[in-house]
Every structure is written in structure tokens, then in C-alpha cells.
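This report refers to the structure that appears directly beneath it.
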Amino acid sequence: MGGDGDPVGSRMTEPGGIRTSPTAPTHGASAWLVHRAELTPDRVALVEGDASVTYAKLVERSLRAATLLGGLGIGRHDRVATLMSNSIEFMELFYATAEIGAILVPLNWRLAAPELDYQIRDAGAQVLFVGPEHGALAAQLAADLPIRERVAIEREYAERRDASPALADASARARFADPHLILYTAGTTGHPKGAVLTHANVYWNVPNMAIPVGLTDRDTTVTLLPMFHSGGIGLYTVPSLVVGGRVVIVRKFERDALLALLVRERAALCFGVPAIWLEMLKTPDFTQAKVPDLRYVVSGGAPCPTSVMEELDRRGFVYLQGYGLTETAPGGTLMPVEAWKRKFGSVGKSAPFVDLRVVRDGGEACRAREIGEVQFRGPNVFAGYWNLPQATADAFTADGWFRSGDLGFLDEDGFLTLVDRKKDMVITGGENVYSAEVEDALFAHPAVAEAAIIGVPDERWGEAVCAIVALRPNASASGDELIAHCRSRLAKYKTPKYVVFVDALPRNAAGKVLKRQLREEVRIREQAKA
Ligand code: AMP
């Protein structure tokens with residue numbers, strides 16, 4: 001290159017001498033917060049019950065927390081785990097880890113202790129912050145974890161944070177491409193995988209989810225989803241904090257309390273999984289007229305029954321459905337406001353900075369309305385699974401698209417409708433349960449010869465976990481016994497709610513369990529009972 005007398009060298013890659021490589025912002029999440037606090041130091045950033053913090057205060061506390069972490073020996077790329085409910089303190093640690101380039105591992109407190117042990121070991125977390133509600137669970141964790149120090153939020157944290165000087169040196173700050181979060185997602189192979197989100201991934205979710213709803217610094221959003229999910233962080237906590245809005249944090253969902261909160265805080269946006277909106281609709285007071293500031297009810301994470309959408313419509317709400325995965329940080333699509341009635345049932349269009357395609361098994365693009373796998377590409381797509389290069393490679397196509405494992409179709413206007421899942425997964429109350437994990441737990445029972453998991457319709461949670469079990473000859477076990485056995489190893493939401501006994505599982509010629517057939521058989525049995 002440059003041999004033809006090109007004075008600046010490679011004309012091919014640098015037209016006109018201008019560098020075309022992406023000039024990515026250099027800093028991660030803590031820099032966004034610091035910047036915002038310079039614009040509006042005294043505006044309220046976070047509200048939780050009677051407590052609130054301004055942007056300036058949140059920066060100060062986060063910098064103190066960063067010093068605290070440094071004092072614990074935590075540095076760049078070290079892992080910091082939390083077993084914490086949604087709280088101001090959690091968000092401080094979110095920014096504190098960013099400030100020193102460390103990686104936050106927010107653990108799901110719905111899991112059983114052995115599941116948490118696995119994740120803490122897998123992530124190699126050195127410090128664990130334990131919220132007041134989760135002391136008993138933390139006490140059940142294995143004694144030989146790599147954790148060097150546990151910090152109890154209600155006793156030591158605030159004291160130690162406040163005694164630490166605010167970190168003055170920003171040179172250790174995470175860069176845009178650094179990993180910031182490891183979020184465990186249920187795995188197809190039994191163990192969950194740690195999806196690594198970089199600061200850039202988290203950042204790109206901001207315009208992706210904020211632009212379609214016109215989020216501004218005048219808006220209050222309510223965060224209901226647990227912050228150990230990408231939805232709790234990205235819908236809409238971090239987007240709101242980037243634009244300078246106000247975020248009301250909810251620790252535990254309760255219908256009447258949420259209704260009162262939406263009214264009192266004059267919330268403009270609230271994101272919830274469909275089970276939340278189903279529950280809210282049980283009170284006749286949840287109407288647009290009584291919550292006049294709520295511009296949009298936003299939903300995603302699980303299929304939403306049409307009846308819920310219709311009822312929200314009847315009550316005057318604008319209901320926007322979105323779709324995404326932990327691996328897409330999480331927003332992949334969102335319904336444009338003007339189209340929601342016209343495109344009832346669709347999960348909307350790809351977000352502004354997301355490429356989306358629907359492909360056949362062979363990889364060719366589907367025609368309009370032809371069902372195929374939904375795939376994503378874009379700066380929001382995760383960096384890979386923690387220490388799992390093969391699983392990471394398998395998650396992408398040869399040409400770099402992330403395979404969602406969801407089946408759907410695009411209509412003529414580019415609106416996506418989901419129809420099924422390719423992956424063997426049940427979604428109960430917005431939580432994913434991969435069959436393999438529950439099946440492994442069942443197989444560990446000595447009486448079980450064969451076991452399979454399916455999702456059965458559940459009025460409250462969308463789907464419930466149902467186990468189909470064939471016992472070994474001459475062995476015996478009751479359904480209750482198998483349920484108790486699973487509960488000792490698995491989170492409650494993953495534990496089968498029902499156990500159906502069969503002589504043998506239906507299998508295809510290759511020996512694969514025919515889950516569709518099982519679903520159908522269980523449906524027929526239930527109908528016969530009714
Ligand atoms: P997670 O990684 O926990 O966010 O779960 C992602 C999965 O949830 C997706 O792969 C879908 O199967 C499912 N999902 C997310 N949003 C929707 C939606 N709006 N409708 C149906 N399923 C959804």
C-alpha cells in the first residue's frame with residue numbers, strides 16, 4: 001500500500017487520510033455517571049423507599065466504594081460478587097467496579113446454595129457483598145470458595161465505604177471495551193454460563209432502548225426486575241442514569257405497593273415481565289386514568305398472553321413489547337410507539353443499533369413471514385461466555401451473528417413475531433429454566449430411570465416446570481419426594497411443580513426425547529382430568 005505515491009499511506013483503509021477505525025469512547029460506566037453528575041449534580045438519581053441520592057452523592061459514594069474495593073485487594077479484571085436485592089448500594093458497586101476496572105458478578109438470590117457455589121467458583125470471585133435479606137443463604141455457601149472477604153451490607157458496608165476516601169485517581173477506570181458484568185444464564189448443558197457484558201455492550205443498550213421511547217432527563221422510571229438480570233440493569237436503570245433521569249428502585253414486587261408507587265412517583269415508564277402485568281391487572285385500579293403519568297407499560301422476557309395485552313389496551317395503556325436476551329444486553333427489539341396497536345402481538349422492530357435477521361437452518365435469509373431462527377449482530381452483543389471458548393464459538397454463526405435459539409418471523413414491514421424456542425427451555429415468571437439442569441437433578445435420584453422437563457401453561461407464571469419421569473424397575477418414589485429432592489439442589493422456580501409418571505419416554509430413532517409429543521400427552525391427560 002502507498003506504493004502509488006499515496007502521501008498518507010493506505011488510501012484503501014484511510015480515505016483522505018482520515019482514520020476510519022472506530023473511535024470508541026475510552027471510558028466505561030463510571031465515567032458516564034461522573035459526566036452526568038457534572039451536568040446535574042443536585043438532581044435525584046436513585047430513590048429507594050424513603051432514601052434517595054443525588055447524582056453528586058452517587059458519584060461520591062461510588063468513588064468511596066471503589067477505594068473500599070481497592071483496599072480489599074481488588075483491581076483490574078478481578079471479580080466482585082453480590083448477593084443483593086435491588087438497592088442504591090448495588091448501583092454504587094456497579095459504578096465502583098467500573099471505576100477500578102473490576103468485573104461485577106451479580107448473583108441470583110433465588111438460586112440454591114450449591115448453584116451459587118458453582119457460579120462463585122466459576123467466576124473466581126474474590127469478594128462477596130451480602131444484602132440484608134440474603135444472610136441466611138450466604139451462610140449456606142460452601143466453606144472452600146475463593147472468596148477472601150464477605151461484606152455484609154447492613155452492618156459493615158456503609159461504615160467502611162464512608163470511612164474510605166473518595167478515589168481521586170481515575171486512571172484505573174474501565175475502558176469501553178473492558179468486561180463489566182458476568183451474568184449467569186441457564187445453560188443448555190446443565191451448568192449455567194457466565195455471559196460477559198462489556199461497558200460498550202451495556203452502553204449501546206442505552207440508545208437502543210431509550211430512543212424508541214423518547215426517554216429524557218425529566219422522566220422517572222421504576223426498576224422492578226432484579227438487577228442480577230440484564231433487564232434490571234438495562235430496563236431502564238442505566239439508560240435513565242445516562243440521560244439524567246430519576247430511577248425508583250423496587251426491592252420486592254407487590255401489586256398494591258407498586259400501584260401506589262407508580263402514582264406517587266409519577267413514573268413515566270415501567271418495565272416488567274408479563275407475569276407482573278398479569279398481576280397488576282388483578283386490581284381494577286390499575287388504569288391509565290389512575291396512573292396518568294405512566295406513558296408506557298413495557299414488557300419482555302417471556303411471551304405475553306394476548307389477553308393481557310388486550311386488557312391493558314382496554315384500560316387505556318400504551319403497551320410496548322420488547323425482546324432480547326442477556327447476551328444482547330438485553331434489548332434487541334422494541335415496539336415503536338406509533339405501531340403498537342397495528343402490530344399487536346409483535347415484539348417490535350430491531351432496536352436502532354441492532355442488526356436482526358431470521359434465517360433458515362442452512363443460514364439463508366427467510367422470506368417475509370417464513371419462520372426461522374432469530375439472530376443478532378451489533379455493538380450490544382456480548383463478548384462471550386466466561387472461560388467457555390467453545391460455547392462462545394457455538395453461540396455465533398461463521399459470519400458473526402449471535403444465534404438466539406428463538407424462532408420467529410419478520411413481516412413485510414420488518415416487525416418480528418416470536419413463535420417458539422429452538423432451545424429446550426421453560427420460562428416461568430420471566431426466569432429461564434433449561435431442561436438439562438432440572439433433568440440432571442432428577443437423574444441424581446436413585447429411583448429415576450428417565451426424566452424430561454416440559455413447560456405447562458400456568459395462569460400466574462406463564463409456564464410451570466413439569467417433570468415426566470420413568471422409574472427404575474422395582475424402584476419407587478413419590479412425586480413429592482422427587483420435588484423435595486430437586487429443591488435441595490435447585491432454585492424454587494426451577495423445581496418441578498408437577499411430576500407425571502410414565503413407563504418410558506417417547507423417543508425418536510436417534511434416541512432423542514420427543515418433547516412436543518410429551519407436551520401433547522400431558523395436555524390430553526390434563527383435559528381428561530378436568
Ligand atoms: P434472558 O437471557 O433471561 O433474558 O432470556 C432470554 C429469552 O427470553 C429469549 O431467548 C426468549 O426465549 C425469551 N424472551 C425474551 N423476551 C421475550 C418476549 N418478548 N416474548 C417471548 N419470549 C421472550
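Whatever order the structure lists them in is the order used to number ligands and atoms, beginning at 1. Starting from 1, each residue takes its place in the sequence as its number.
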Are [X] and [Y] close enough for a salt bridge, meaning some N to O gap below 4.0 Å?
| X | Y | answer |
| --- | --- | --- |
| E133 | R251 | yes |
| R525 | E521 | no |
| R460 | E279 | yes |
| R79 | D122 | no |
| E115 | R489 | no |

The answer, listing residues by chain and number that come under 4.0 Å of ligand 1 through any heavy atom, is G300, G301, A302, P303, Q321, G322, Y323, G324, L325, T326, V347, D406, L418, R421, K423, M425, I427, N432
Donor-acceptor contact present, side-chain N380 to main-chain T328, <3.5 Å: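 It does hold such a pair.
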